[in-house]
Amino acid sequence: MHKDDFKIFFAQENQIEQSSPMLFTSAVSPVYNNNPNFRLMFLNDETQTIADYRQWYLDLAIADEYMATHWLNEYTFSQSFPSPLGQLINSQRIFDLGNQILSKTDDSTWHNYVWHRQAEYLPDTITFSRFRLYCVIQNWNATSLDACRKAHPFIPG
């Protein structure tokens, strides 16, 4: 994986009530075309669930140029991906976020998602298909993933 991403693991297909969100962070090593990064997670004390997180990254190009390291606050999940459902990061929120990537009226979720996938490291050689990434977020098993990919052929952007 080695990318900042999220997915839903469905116990039964498309049963959001019986699912778990999965949060992935980019690799610490830059060999996967990303800047090194880490997350600071915030838990809700009452529910013991993830309330939010803040992600930090090291811009390797700047560190090389100035021969110094300085970790930067890349983003806070709740600010980059606001939700009317509240601040908890749960399956419903990740499901809704996956759908917002395909929004016809607002590209902000898509742009935030792609920019953060590699900790602000986007070489010109990388092309993303929002439909393919949507399929990966929303479909865990191979059958539903293949069906989604057939329904949404590769379209860059």
> Other hydrophobic cluster members with L88, side-chain heavy atoms of Ile/Leu/Val/Met/Phe/Trp/Tyr under 4.5 Å, chained?
Replying inline: none
> By salt bridge (Lys or Arg N to Asp or Glu O under 4.0 Å), which residues pair with R39, not counting sequence neighbours?
Replying inline: D4
> After noting the C-alpha distance and the side-chain angles of L133 and W110, does the key distance pass the side chain to side chain contact (heavy atoms under 4.5 Å, CB included) rule?
Replying inline: CA-CA 10 Å; L133 291 171; W110 167 245; 3.8 Å; yes
>> To check you understand the geometry: which heavy-atom pair defines the closest contact between L23 and I94, and what is its length?
In response: CD2-CD1, 4.1 Å
> What's the spacing between Q138 CD and I8 CD1 if we round to 0.5 Å?
Replying inline: 5.0 Å
>> Tell me every residue that passes salt bridge (Lys or Arg N to Asp or Glu O under 4.0 Å) with D107, counting only those two or more places apart in sequence or in another chain.
In response: R130
> How would you list, by chain and number, every residue that makes a side-chain hydrogen bond (donor to acceptor under 3.5 Å, both in side chains) with N37, sequence neighbours excluded?
Replying inline: T25, S26
> Can you tell me how far the CD1 atom of I101 sits from the SG atom of C135, to the nearest 0.5 Å?
Replying inline: 10.5 Å
> Who pairs with Y113 by ring-ring contact (aromatic ring centres under 6.0 Å, His included), at least two apart in sequence or on another chain?
Replying inline: F6
> T49: what forms a side-chain hydrogen bond (donor to acceptor under 3.5 Å, both in side chains) with it, not counting sequence neighbours?
Replying inline: T47
> Under 3.5 Å, is there a donor-acceptor pair between the Q92 and D96 side chains?
Replying inline: yes
> Excluding sequence neighbours, so at least two apart, what forms ring-ring contact (aromatic ring centres under 6.0 Å, His included) with Y53?
Replying inline: Y75, F77
> Okay, side chain of S103, backbone of Q100: is any donor-acceptor separation there less than 3.5 Å?
Replying inline: no
> With sequence neighbours excluded, what pairs up with D52 under the side-chain hydrogen bond (donor to acceptor under 3.5 Å, both in side chains) test?
Replying inline: S78, Q87
> Is it true that I50 and W56 fall in one hydrophobic cluster, defined by side-chain heavy atoms closer than 4.5 Å?
Replying inline: no
> N112 and S80: which non-hydrogen atoms are nearest, and at how many Å?
Replying inline: ND2-O, 2.9 Å
>> Please report the interatomic distance CZ(F81) to CD1(I89), rounded to the nearest 0.5 Å.
In response: 10.0 Å
> Excluding sequence neighbours, so at least two apart, what forms ring-ring contact (aromatic ring centres under 6.0 Å, His included) with F9?
Replying inline: W140
>> Between I137 and D5, is the side chain to side chain contact (heavy atoms under 4.5 Å, CB included) condition met? List the steps.
In response: CA-CA 8 Å; I137 292 168; D5 215 340; 4.1 Å; yes
Please tabulate, for side-chain N and O atoms in residues 64-74, each donor-acceptor pair with protein atoms closer than 3.5 Å (sequence neighbours left out).
residue : atom : partner : partner atom : Å
E74     : OE1  : Q55     : NE2          : 3.2
E74     : OE2  : H116    : ND1          : 2.9

> Which value, rounded to the nearest 0.5 Å, describes the distance between K7 atom NZ and S91 atom OG?
Replying inline: 14.0 Å
> Who pairs with S108 by side-chain hydrogen bond (donor to acceptor under 3.5 Å, both in side chains), at least two apart in sequence or on another chain?
Replying inline: D106
